[in-house]
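Keep in mind that this is a model prediction, so the values were computed, not measured. The chains referred to below are lettered A, B, ... by the order of the sequence lines, with proteins before strands, and numbering in each begins at 1.
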Protein chains: 2
Amino acid sequence: MTQTHRLDDTTAPFMPGPRAAADDLMMSLGVRMTFAKDEEIYGQDEKADLIYRVISGAVRTTRVMSDGRRQIGGFYYPGEMFGVEASDHHRFSAEALSDGIILVVKASALRAVAGDEAFGRLTWTATNRELDRTQDHLLLLGRKTAAERVASFLMELADRRGAEAVTLPMGRQDMADYLGLTIETVSRMLTQLQSALVVEFLGSRIFKISNRCALARLAD
Amino acid sequence: MTQTHRLDDTTAPFMPGPRAAADDLMMSLGVRMTFAKDEEIYGQDEKADLIYRVISGAVRTTRVMSDGRRQIGGFYYPGEMFGVEASDHHRFSAEALSDGIILVVKASALRAVAGDEAFGRLTWTATNRELDRTQDHLLLLGRKTAAERVASFLMELADRRGAEAVTLPMGRQDMADYLGLTIETVSRMLTQLQSALVVEFLGSRIFKISNRCALARLAD
DNA sequence: CGACGCTTTGACAAACTTCAATCCCCGTGG
DNA sequence: CCACGGGGATTGAAGTTTGTCAAAGCGTCG
């Protein structure tokens, strides 16, 4: 979807475009916390009274079944909010994909300072974007083939990060758990996309889209 | 919205559970409309300025890919609200599963009468439940086997309808499109559950849970 | 009764997973 | 500086699950 904020891996507080007041307040009220790779930011069923925003690094939300099967609900990149689930407890856990910095704000404090209305707009927007992405994800998992899933994933990532050469902040296992596949299938689809000259990999974690139309077509 | 529906002026039917003020207002402000089986209630990308509630019958929300593959986002039963997506356009279309009556309210009118706060609570709750269900659905589609998907589906339906013998308001194709399977696989899993004496079918559209624990275990 | 639509069943094919081996990148230590 | 080691990624072969195609069963409604 369209980003209201430009993404920036540096900790620069600059954000082009108009910003809501609650947004600024969040930056000034919040506490910056560092997280190591794979460190848990919050756990499933934990009380959800904090709001988070990625400053640097990236985040995944996951849910795990009793036998260890894992589903990743989403990835979050610098400038994006997460953990704003409106019920009182989290339904996914959140972990850092890499070492990074997360802005943490107490929801009640933000509400008190920003006012009900601004706070409501902020959480409403976040929840809404969340629902939107989850619904796209639903179609991907329910009805797309492995090739389409991988193509969709690369496409969305490239759109969200908006760079020429995109770095994957996650390994194959995380991609697989997001796409409902295995790492082997993900790997095979990636080589397939390279053979078709649709994307080019310059290392296992960095790629460039060679043929955007073809990729869009494959993603459907 | 098409203007070809006649309004139904039957008086408010039975509604289980406690109700909020905005809830009552919705019932009195809203217009009851009848829909025929498979009739569209709203379309994808249509403007979302109305709020809906099932009075009788049932509803599905669907998204269709260009080549016809279809994903059902959810089912809605009497007493449940739908169409409260917070962005300005619907991301799924909604259709009647069977002939039925839908309460339709203009969002802005409800807000004006109920007040911002009550209205906010109502839509917040609805959106939240929606996100909750969608996230469960995500895990189902991403990581569950065909047998687990069908078991989960029967389980959830039975819980939501809360009756001894539950009637399936939809055919196999709708179940398949919700579960990310084909009708044949759904059918096979259903016969498998019957052979295992977990559920009992008294016709293709009505079932009873014979062994709740076993079903819960299979659903994971 | 007969036709139609939906469901079930069977045989086969395709997609994806599993298991296992190898490769490759990258950091570490000699 | 280069060899070594280790973790993640890729590839291959075989297996399993699910999809496809086709036919038969079942129920309902004229």
Counting primed atoms, P, OP1 and OP2 as sugar-phosphate and everything else as base, the B/S/- map of nucleotides 6-12 of chain C against protein heavy atoms under 4.0 Å is -SBBBB-
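A nucleotide of DNA chain D counts as in contact with chain B when one of its atoms lies under 4.0 Å from a heavy atom; the first and last such, 5' to 3', are D/dT18 to D/dC21.
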Output a table of donor-acceptor pairs, distance under 3.5 Å, between side-chain atoms of residues 208-216 of chain B and any protein atom two or more places apart or on a different chain; print 'none' if there are none.
| from | atom 1 | to | atom 2 | distance (Å) |
| --- | --- | --- | --- | --- |
| B/Asn211 | OD1 | B/Cys213 | N | 3.4 |
| B/Asn211 | OD1 | B/Ala214 | N | 3.1 |
| B/Arg212 | NH2 | B/Asp159 | OD1 | 2.5 |

Extract all donor-acceptor atom pairs below 3.5 Å that involve side chains of residues 193-201 of chain A and protein atoms in other chains or at least two apart in sequence.
| from | atom 1 | to | atom 2 | distance (Å) |
| --- | --- | --- | --- | --- |
| A/Gln194 | NE2 | A/Leu190 | O | 3.3 |
| A/Ser195 | OG | A/Thr191 | O | 2.8 |

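Of all the residues in residues 145-152 of chain A, A/Thr145, A/Ala146 reach under 4.0 Å from DNA chain C with at least one non-hydrogen atom.
For the atom pair OH (A/Tyr42) and CZ (A/Phe82), the distance works out to 6.0 Å, reported to the nearest 0.5 Å.
By the 4.0 Å N-to-carboxylate-O rule, A/Glu184 lies too far from A/Arg188 to be salt-bridged with it. The pair B/Asp88-B/Lys47 does not count as a salt bridge, with every side-chain nitrogen at least 4.0 angstrom from each carboxylate oxygen. Between A/Arg133 and A/Glu80 there is a salt bridge, with a side-chain nitrogen of the basic residue lying less than 4.0 Å from a carboxylate oxygen of the acidic one.
Rounding to whole angstrom units, CD of residue A/Gln192 and C1' of C/dC16 are separated by 12 Å.
Side chains of B/Leu97 and B/Phe75 form a contact here, defined as non-hydrogen atoms less than 4.5 Å apart. A 4.5 Å side-chain heavy-atom check between B/His137 and A/Leu141 finds every atom pair outside the cut-off.
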Please step through side chain to side chain donor-acceptor pair (under 3.5 Å) for the pair A/Arg149 and A/Thr145, ending with a clear verdict. CA-CA 6 Å; A/Arg149 294 182 200 194; A/Thr145 65; over 6 Å; no
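Applying the side-chain hydrogen bond (donor to acceptor under 3.5 Å, both in side chains) test to pairs two or more places apart or on separate chains, those with a residue in residues 54-76 of chain B are A/Asp136-B/Arg63, A/Glu148-B/Arg69, A/Asp220-B/Ser66, B/Asp38-B/Arg60, B/Arg60-B/Glu95, B/Arg60-B/Asp174, B/Thr62-B/Ser93, B/Thr62-B/Glu95, B/Asp67-B/Arg69, B/Arg70-B/Asp174, B/Arg70-B/Asp177, B/Tyr76-B/Glu130.
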